[in-house]
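In what follows, a structure is listed as C-alpha cells, so that the remarks can point back to it.
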Amino acid sequence: MPEITTVPDAGDAGEVAERTVATGTQAWELFRDDPTIIAARVNETLRDLAYVVQDGDRVSGVAIDSPDGRAILRHSTAHVMAQAVQELHPEAKLGIGPPITDGFYYDFDVAEPFTPADLEQIETRMRRIVKEGQRFSRRPVSDGEALSELAEEPYKVELIGLKGGTGGPGGTEAVAEAAEGASVEVGAGELTIYDNLRRDGSLAWKDLCRGPHLPTTKRIPAFKLMRSAAAYWRGDERNKQLQRIYGTAWESKEALAEHLYRIEEAERRDHRRLGRELDLFSFPDELGSGLAVFHPRGGVIKREMEDYVRRRHIEEGFEYVGTPHISKEGLFHTSGHLPYYADSMFPPMQMEGADYYLKAMNCPMHNLIFRSRGRSYRELPLRLFEFGSVYRFEKSGVVHGLTRVRGMTQDDSHSYVTPEQAPGEVKHLLEFCLGLFRDFGLDDYYLELSTRDDSKPDKFVGSDEDWASATAVLEQVATDSGLELVPDPGGAAYYGPKISVQCRDAIGRTWQMSTIQYDFNQPKGFGLEYQAADGSRQQPVMIHSAKFGSIERFIGVLTEHYAGAFPPWLAPVQVQAIPIAERHHDYLREVAGRLAERGIRVEVDDSDDRMQKKIRNAQLQKVPFMLIAGDRDVEEGAVSFRYRSGDQDNGVSVDDAIERVVDAVRRRVQV
C-alpha cells in the first residue's frame, strides 16, 4: 500500500498528518465524513473527488462555501444550464461558460434571443437534471479526439485550435487572453471532456472542460437564473453576437436568499437612480459617456467634501498646488506613462507641431514643481496636493455612473521624502486615510498589498532591489496597522507597489478607495534631487496618495452606502421648515434665518401643499431634520422637531432645536 501524505484544510492550524491508504483510493474516501467537501486540492492543484490518490500526494479538502468551492459549484451549475438549454433548444451551439463573481454565465449561438419565459423553462429543466443526480465524469482526450467529438460545436473547435497554437507553458494564459473565460475549458496541457452520466451509466450530455466539478448534480444546493444579454464571441464586436445567460449558485438556500436580498438592496441603493430622484447629478448624452455634471444639490455634497479634504491636507502638512489639464506628449514619456498607460489615455491633440494629451494623472506635473528649484533635505518631507481633473479613456462597457467615469477629480497628493523617511510617511498617509473614512461613516475596511508579477518583467520598471525594498516598507506599515492584509500579486502599478484601502459599505460590498503607492521610478526619470546633510545630491522617494481616490467615485459609493440619506453634515438640505398654515410662514422664516446664521442649509416649504404632503416630500428628499410649527408653537417660541426616521419631539424650544442641528452637523453623526 502506498503512503499518502495529507494536509489539513486551509485555515486549519493542525499538524500535517501522514496516512497510509490502499492503492486506488479516491480523494472522496479521505473526506467521507465531511459532506461540505466537494473537491480536493492535491499538491496545490484542484482535483475532482474521483481523483485516485498517488504515493506522496499532499491532499486537502475544498469546502463548498470556500472561494474555490463556490467557483466549482458555479461552474458545475453552468454545465447543468447548458445541458438544459440544449435539451430545450437542440440547435443551440455552445460558447464559453465560466464561473464569475457571485455566479456564472454561458454563451449560446441561438436563432432568437432568450426571453424571461425561456429562462423559466430552462430553470425548470435544470431542477430535473439536478434531481437526477447525474455524475460529472472526467475523460482525457487528444486534440484530434476532441475535434472529432465536438465537430458540431464550432466555437469549441475554435478554442481547441487556439490551444493547439499556443504551445509551451504560456498556453493557458494565451488562451485566456484570446477569449475571456476560455481558460476553464482549455489550457496548455491535455484536453478533457466532462461527461454527465445518468445512474445507469448512459451519457446525458458532455462538454469540453478542464474541471474540476462537483461529484454529481445533486450536490448543487441552490441556484437561480438571473437574466440574459447579448455578447460578442470572444468579446470582439467583429464576431457573431451570441446570447449569454447569467445565473448564480450558492452552498445553501439561505445563502442564495441572502444574495438575492443584497441584489435587491443594491438596486434600491443604486446611486444613478438616487442621483435622479434627489436631483444630485446627471450624465447628459450631449457630453458623452462617463462624464457627469453635478446639480446644485449634488454640488453641495461635492463642495463639502472638497472643503473637508482641502482643510485636512493642510492640517497634515500638505501645500496646495494647481496644474493644467493638458500637456505635451514628452512629459508622459519622461514619467514613464507612455507607453505603459497609453491605452487608458485619450488620443493626443495636435497643436503647433506637437502632440498634447489630456492628463490622466497629476504626478508628472508635481515633479516639475519639485524640480523648479534646488531642494534641501531640510524641506523633506515635501508634500504637494491638488484637486486635479484627470481624464481616462475607460472602455464603454465598464463605464458605470459615478463609480467608473472618464472625467474625474482626484484629491491627489505626492510626498517627496528621503528613503529613511519613507516608512514614517507611509504610516502618516495611512492614518490620514483611515481617519477620513471614519469621518465619512465608513468604518469597515481592510488593506490590500499590490506587488509586482515577476513572470511579466516587461510590464514593470525598476530593479529587483528597488521592488524588494519598496514592497518591504509598505508591507511592514500595513502589518503594523493591525488591519487585515490581503495580498494582490501582480496588481502593482508599473512603477512600484501600493497599499489600497478596501472599504465595505452598508450591505457588505467592497470598494477600493484610498491608494498609497511607492515610486522609485519617476524621481529617476525626472532627475529629481535634493542636497543631503553631507552636501551630496540624492534622489528622493516619491509616494503617491489619493484619499478619496476620485471625488466622483467617493460620492457614488457614499450615495449607495447611505441609500441617499446622507448624514446631516453632508446633506444638501439639512433642515426643512414646514409651516402648518400660511400664517406660520414668517415665524419659520425667522427660525430659518437663525439656522442660516449658524451655517445650516435650511429651506422653508411655503407651498400650498397640506402639511402631511410637505412632510412626505421632505422624507422623499431624505432631509435629516424637519421643524414643524403651528399656532401653539408660535405662542411658545417652539417647534415640533421631526427626524428623518419619523420620530418627533413636540414643543422643542427654538434655541434647543437649533443646537440639536448644529451639534449633529459639528460631530458628523448620522441620524
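One is the number of the first residue; the rest follow in order along the sequence.
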(message) Between R268 and E264 (salt bridge meaning N to carboxylate O under 4.0 Å), is one present in this structure?
(response) no

(request) Anything under 30° is parallel, anything over 60° is perpendicular, the rest tilted; go ahead and classify F554 against F437. (result) parallel

(message) If the threshold is 4.0 Å, N to carboxylate O, is there a salt bridge linking D606 and R589?
(response) yes

(request) Could you tell me whether the side chains of D68 and S66 share a donor-acceptor contact shorter than 3.5 Å? (result) no

(message) Rounded to the nearest 0.5 Å, what separates atom CG in D118 from atom OG1 in T115?
(response) 3.0 Å

(request) Inspect the contact between R383 and E425 and indicate whether a charged nitrogen and a carboxylate oxygen are less than 4.0 angstrom apart. (result) yes

(request) Output yes when R509 and E560 qualify as a salt bridge under the 4.0 Å nitrogen-oxygen rule, no when they do not. (result) yes

(message) Tell me which one of F548, Y445, Y562 satisfies ring-ring contact (aromatic ring centres under 6.0 Å, His included) with F440.
(response) F548

(message) Would you say that I220 contacts L73 through its side chain, given a criterion of any heavy-atom pair below 4.5 Å between the two side chains?
(response) yes

(message) Enumerate the side-chain hydrogen bond (donor to acceptor under 3.5 Å, both in side chains) contacts for residues 662-671, please, sequence neighbours excluded, ordered by first and then second residue.
(response) R644-Q670, D663-R666, D663-R667

(request) State whether E659 and R598 are salt-bridged, where the test is any N-O pair (Lys NZ or Arg NE/NH1/NH2 against Asp/Glu carboxylate O) under 4.0 Å. (result) yes

(message) Can you tell whether the side chains of R127 and E120 come within less than 4.0 Å, N to carboxylate O?
(response) no

(request) Identify whether NZ of Lys or CZ of Arg in K547 sits under 6.0 Å from the centre of the six-membered ring of F318 and within 45° of that ring's axis. (result) yes

(message) If we count only N and O atoms by modelled type, under 3.5 Å, do the side chains of S252 and W250 hold a donor and an acceptor together?
(response) no

(message) Under a 4.0 Å threshold between the charged nitrogen and the carboxylate oxygen, would R70 count as salt-bridged to D102?
(response) no

(request) Please confirm whether the backbone N or O of V309 pairs with a side-chain atom of H313, one donor and one acceptor, at under 3.5 Å? (result) yes

(request) To the nearest 0.5 Å, tell me how far S481 OG sits from L434 CG. (result) 7.0 Å

(message) Between E304 and R601, does any NZ, NE, NH1 or NH2 come within less than 4.0 Å of an OD or OE carboxylate oxygen?
(response) yes

(request) State, yes or no, whether a side-chain contact exists between S327 and K359 at a heavy-atom distance under 4.5 Å. (result) no

(request) Verify the distance criterion only: is there a donor paired with an acceptor across the side chains of H295 and S282 at less than 3.5 Å? (result) yes

(message) To the nearest 0.5 Å, what is the distance between CD1 on I578 and CG on L627?
(response) 8.5 Å

(request) Indicate yes or no: does D270 engage R273 in a salt bridge with an N to O separation below 4.0 Å. (result) no

(request) May I ask you to check whether over 12 heavy atoms, not counting those of E315, lie within 6.0 Å of atom CD? (result) yes

(message) Can you tell whether the side chains of R594 and E590 come within less than 4.0 Å, N to carboxylate O?
(response) no

(message) A side-chain contact here means heavy atoms from C-beta on lying under 4.5 Å apart; do Y105 and I245 qualify?
(response) no

(request) Could you tell me whether a side-chain N or O of H544 sits under 3.5 Å from a main-chain N or O of H414, the two making a donor and an acceptor? (result) no

(message) Is any side-chain heavy atom of M542 closer than 4.5 Å to one of C363?
(response) yes

(message) I need the full list of salt bridge (Lys or Arg N to Asp or Glu O under 4.0 Å) pairs touching residues 629-639, with sequence neighbours left out, sorted by first then second residue.
(response) R583-D631, R632-E636

(request) Give a yes-or-no answer on whether the side chains of S545 and S413 include a donor-acceptor pair shorter than 3.5 Å. (result) yes

(message) Let me confirm one number: the CD1-CZ distance from I615 to R642, rounded to the nearest 0.5 Å.
(response) 4.5 Å

(request) Run the ring-centre check on F387 versus F385 and record whether the distance is less than 6.0 Å. (result) yes

(request) Hey, can you tell me if H428 and F432 have their rings parallel, tilted or perpendicular (30° and 60° cut-offs)? (result) tilted

(request) Considering only NZ, NE, NH1 and NH2 on the basic side and carboxylate oxygens on the acidic side, decide whether E394 and R406 come within less than 4.0 Å. (result) no

(request) Please round to the nearest 0.5 Å and tell me the distance separating atom CD of E597 and atom CD1 of I658. (result) 8.5 Å

(message) Check the orientation of Y341 and H337. Use parallel for under 30°, tilted for 30 to 60°, and perpendicular for over 60°.
(response) perpendicular

(message) Rounded to the nearest 0.5 Å, what separates atom OG1 in T409 from atom NZ in K302?
(response) 4.5 Å

(message) Tell me if the centroids of the rings in F641 and F625 come within less than 6.0 Å of each other.
(response) yes

(request) Using a strict 4.0 Å threshold on nitrogen-to-oxygen distance, state whether R297 and E603 make a salt bridge. (result) yes

(message) Restricting to non-hydrogen atoms, name the atom on A249 and the atom on T77 that form the minimum distance, rounded to 0.1 Å.
(response) CB-OG1, 3.5 Å

(request) State whether the side chain of R553 and the backbone N or O of Q512 hold a donor-acceptor pair below 3.5 Å, judged by distance alone. (result) yes

(message) Using the side chain to side chain contact (heavy atoms under 4.5 Å, CB included) definition, which of the options V321, V390, T323, N362 pairs with D412?
(response) N362

(message) Would you say that F283 contacts V293 through its side chain, given a criterion of any heavy-atom pair below 4.5 Å between the two side chains?
(response) no

(request) Ignoring hydrogens and angles, tell me if any N or O in the side chain of Q410 forms a donor-acceptor pair with the backbone of G388 under 3.5 Å. (result) no

(message) Contact between V661 and P568 at the side-chain level, heavy atoms closer than 4.5 Å - yes or no?
(response) no

(message) With heavy-atom distances below 4.5 Å as the criterion, would you say the side chains of I543 and L429 are in contact?
(response) yes

(message) Do R74 and F104 form a cation-pi contact, if we require the NZ or CZ to be under 6.0 Å from the six-membered ring centre and within 45 degrees of the ring's axis?
(response) no

(message) When you compare the side chains of Q621 and N617, does any donor N or O come within less than 3.5 Å of an acceptor on the partner?
(response) no

(request) Please work out which of the three classes, parallel, tilted or perpendicular, describes the rings of F281 and F294, given edges at 30° and 60°. (result) perpendicular

(request) Report yes if the side chains of I122 and F114 come closer than 4.5 Å at any heavy-atom pair, otherwise no. (result) yes

